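Here the structure is a predicted model, which is why all the values come from computation and not from measurement. Throughout, a chain's letter reflects where its sequence line sits, starting with A, and its residues are numbered from 1. Note that these values count all heavy atoms, side chains included, but never hydrogens, waters or copies made by symmetry.
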2 protein chains.
Amino acid sequence: MSKYTATDLSETIVALSTPQGVGAIGVIRMSGSAAIEICDEVFYGKKLSEQASHTLHFGTIRDGSIIVDEVVVALFKGPRSYTGENIVEVSFHGSPYILQKGLALLIRYGARLAKPGEFTMRAFLNGRMDLSQAEAVADLIASESEAAHGIAMQQMRGGFSNEITALREQLIHFASMIELELDFGEEDVEFANRADLIGLVQNIQKLIRNLLNSFELGNAIKHGVTTVIAGRPNAGKSTLLNAILNEDRAIVSDIAGTTRDTIEEVINIKGIQFRLIDTAGIRDAQDQIEAIGVQKTMETIRKSTILLYVFDVIALTPEEVAQDLQALQQDGLHILAVANKMDKNPYIEPYDFASEHLATTQIVSTSALNKMNIEHLQNQLYDLALQQQLSKGSTIISNARHYEALEKSNESLDNVLRGIDGGLSGELLAFDIKESLHYLGTISGEVTTEDLLGNIFGKFCIGK
Amino acid sequence: MSKYTATDLSETIVALSTPQGVGAIGVIRMSGSAAIEICDEVFYGKKLSEQASHTLHFGTIRDGSIIVDEVVVALFKGPRSYTGENIVEVSFHGSPYILQKGLALLIRYGARLAKPGEFTMRAFLNGRMDLSQAEAVADLIASESEAAHGIAMQQMRGGFSNEITALREQLIHFASMIELELDFGEEDVEFANRADLIGLVQNIQKLIRNLLNSFELGNAIKHGVTTVIAGRPNAGKSTLLNAILNEDRAIVSDIAGTTRDTIEEVINIKGIQFRLIDTAGIRDAQDQIEAIGVQKTMETIRKSTILLYVFDVIALTPEEVAQDLQALQQDGLHILAVANKMDKNPYIEPYDFASEHLATTQIVSTSALNKMNIEHLQNQLYDLALQQQLSKGSTIISNARHYEALEKSNESLDNVLRGIDGGLSGELLAFDIKESLHYLGTISGEVTTEDLLGNIFGKFCIGK
């Protein structure tokens with residue numbers, strides 16, 4: 001691992017690790033080679049440097065003759081610690097005054113205030129976790145739903161790293177075969193069978209593409225899935241919105257509108273947040289003002305992940321529904337059609353869901369008015385958001401940096417394929433393969449720069 | 001110790017012990033006979049019930065197959081713990097989402113949410129600290145200055161309890177002598193020499209009075225020392241106020257005025273907060289409006305602990321200063337005279353500080369305009385606030401409940417003295433002595449009621 005140290009590892013760092021404010025307990029964490037010795041200078045109780053790792057010690061922290069607090073010190077000796085270094089965590093009474101005094105005292109005795117994320121950066125630099133795992137720590141702390149928590153936890157526990165490592169290993173094998181050829185320079189041998197190599201690269205690219213495709217979902221789970229409700233006037237859109245929200249009133253909250261003057265309602269379905277946006281009815285734009293309304297709705301749809309297209313089963317024919325769906329379709333937009341007002345329909349004049357026009361459409365029939373089938377609709381929304389990904393336990397990426405690195409790695413592999421196709425020399429093929437390896441390496445932190453580290457850990461809170 | 005249990009000690013309680021909000025670490029604390037077993041149900045790592053006390057264990061907290069978090073568990077086995085019971089403290093990542101999940105999980109497995117202060121109440125009920133020590137925990141967490149911190153720390157560490165215990169022991173000795181007499185009922189013996197007893201009671205009352213007297217200071221330290229600046233017009237009061245504040249601009253803040261439309265400025269001098277109040281100039285009230293102004297100033301002075309009387313050394317004679325001081329004097333008010341505008345005076349026409357009129361007055365000479373001697377003035381203010389008390393290391397009480405109990409105990413002792421004087425029977429004397437003992441007992445919690453405990457611990461934060 002290359003060690004671009006954005007931090008001087010010889011220094012001992014200290015920070016308040018619990019949130020600011022008054023509480024029962026406040027924890028000050030100190031990490032570094034001198035952490036235990038510094039604490040021993042101000043801790044009155046057992047001599048910490050003579051105690052075993054992973055033990056707890058009651059005593060007082062003193063500034064000369066003044067007792068700053070009665071505390072419990074948790075002792076972790078490196079490398080069996082979060083950072084891999086010696087760590088002491090001092091549990092003070094949760095008084096901002098006392099914690100300030102405690103911090104100042106430890107700094108006076110030789111520690112320096114930690115920078116944001118510096119504990120976790122040290123964990124990375126000391127090989128306790130790779131970079132994507134370190135990044136997941138921040139995601140985990142920020143997670144606000146079951147799904148976001150699940151993705152961050154999977155990433156922190158190395159699920160994503162394992163996939164990347166597997167990809168890299170295949171590429172390294174590939175590269176070594178090519179390099180073997182170079183050793184035999186003049187002899188025109190081919191250890192790396194080109195057809196096999198093409199198959200291998202294509203395989204790797206397929207895996208990368210799966211990860212790239214998961215990004216949209218991963219990002220949606222992290223920030224909420226934008227779901228727009230659209231349809232012709234009087235299809236029952238607003239009633240449907242209320243029905244969906246009613247089912248979970250306890251976890252509904254209003255979010256101040258965007259510049260479009262819409263109010264987004266947020267609903268949490270089984271751990272995924274959906275941002276529901278109601279729109280004005282869509283109809284053929286017969287005058288200027290209506291045209292603007294339709295344009296606005298279309299803009300909203302373009303920015304959304306899921307479209308709930310609502311139609312009135314009494315008023316629209318399957319053909320009209322199909323026309324609307326075709327007009328609303330966008331690249332990357334998932335459409336769920338909602339056949340509404342079923343309360344007025346089913347036994348009188350059965351709607352032709354099996355019509356050729358609707359054969360490929362996913363339809364849920366509801367009565368928003370009677371709240372019929374609303375729970376089923378929520379389940380469909382949830383499934384749509386998860387697609388097949390989460391349920392299969394496959395890896396989901398939610399980090400733009402990882403997405404970019406995967407994309408660049410993929411481009412390098414495109415070059416490899418083009419090179420093989422064009423009969424490029426092994427030397428040049430090896431160059432593109434190494435570039436691809438480089439980008440994959442930035443994800444796990446095998447390749448890194450001080451800027452990158454500063455950028456990643458600067459977004460952490462202090463004390464982590 | 002009487003055990004009026006406001007809490008069912010058989011239940012295991014749990015709470016978030018660190019402040020609400022996002023942070024690096026959030027600690028959930030669980031206490032009770034089943035604390036370790038409940039944690040074992042959801043903790044994957046070593047089996048906690050088989051581990052030694054005061055040890056730390058890394059692992060995961062799981063809800064079925066879902067990993068809630070990677071955690072470190074701190075294990076304390078009773079009675080060597082804060083509450084005297086088994087305690088586990090689980091350090092989660094500081095995500096409100098995760099902490100909520102963790103709390104819910106532990107509750108699902110048999111803990112119940114702790115009430116405010118319930119951990120500390122259990123510490124009291126289990127004899128880990130007396131009641132005044134438990135009360136000091138809340139004071140300690142709320143402390144915002146060095147002095148308030150010092151008083152709370154002294155009290156938490158038992159300094160105050162020791163004084164009370166000493167008083168009680170003397171009284172108990174007293175009572176036992178009296179009771180010995182009762183055993184010999186008819187024989188008219190006096191084991192308790194009345195003259196000796198009077199001396200003893202007087203001695204105890206002196207100690208109680210010292211504690212009672214310390215309350216005003218203790219309370220001032222806890223809430224800030226009200227300091228009023230008064231003097232004749234143009235003495236330089238406002239300039240002096242600014243000069244005092246200027247010296248410590250960094251720790252000055254405005255506090256919204258009271259109904260008197262005054263702005264109080266707060267300054268922290270060596271750890272004690274002073275609430276400085278400027279007033280209109282005092283002069284002989286020649287018309288109705290000015291009389292009202294003077295009346296208001298006098299009211300403000302009545303509510304203050306310290307008066308900074310500012311006078312112009314050019315304009316006023318020692319005799320006039322003495323007259324002003326006499327007019328301003330109040331019971332319990334500490335006056336510091338400030339001879340201002342010394343920049344205009346000293347070498348031209350020396351002011352007669354040794355004048356018989358000023359012989360008993362504490363005077364600081366300043367030039368508010370040139371900020372001359374302002375730091376010395378601050379030191380004098382600090383010393384005045386501390387009087388001789390803190391520096392002597394004597395006990396200071398800051399709790400109204402303790403003040404009341406001491407006062408009632410003192411009244412009972414008055415009755416004892418009156419009883420001896422009036423030749424009251426030993427039986428009746430014993431009654432008053434026991435009443436005095438009772439009130440002292442309420443301070444340390446030897447005597448307590450469920451209401452009292454609820455009242456005290458209800459003011460704590462949850463998790464302490």
What one should report as the nearest heavy-atom pair of S143(A) and S95(B) is O-OG, 3.7 Å
How many angstroms lie between CD1 in I25(A) and CD1 in I25(B), if you round to the nearest 0.5 Å? 11.0 Å
Select one option (side chain, backbone, both, neither) describing which atoms of V22(A) are under 4.5 Å from chain B's heavy atoms. both
What heavy-atom pair brings H149(B) and I98(A) nearest, and what distance separates the two atoms? CD2-CG1, 3.5 Å
My understanding is that only one of T60(B), D69(B), I66(B) makes a side chain to side chain contact (heavy atoms under 4.5 Å, CB included) with M153(A); could you say which? D69(B)
With the side chain counted from C-beta on, respond yes when I67(A) and Q154(B) share a heavy-atom pair under 4.5 Å apart, and no when they do not. no
May I ask you to test the V72(B)-Y82(A) pair for a side-chain heavy-atom distance under 4.5 Å? no
Less than 4.5 Å to any heavy atom of chain A: does that hold for the side chain of F92(B), its backbone, both, or neither? neither
Taking every non-hydrogen pair under 4.5 Å, which of Q100(A), R80(A), Q20(A), R157(A) racks up the most with chain B? R157(A)
If you round to the nearest 0.5 Å, how far is NE2 of H54(B) from NE2 of H57(A)? 8.5 Å
Minimum heavy-atom separation for I141(B) and G94(A), please, with both atom names. CG2-O, 3.7 Å
Looking only at heavy atoms, what is the nearest atom pair of A24(A) and C461(B), with distance? N-SG, 3.8 Å
Is the shortest heavy-atom distance from the side chain of L56(B) to the side chain of L56(A) under 4.5 Å? yes
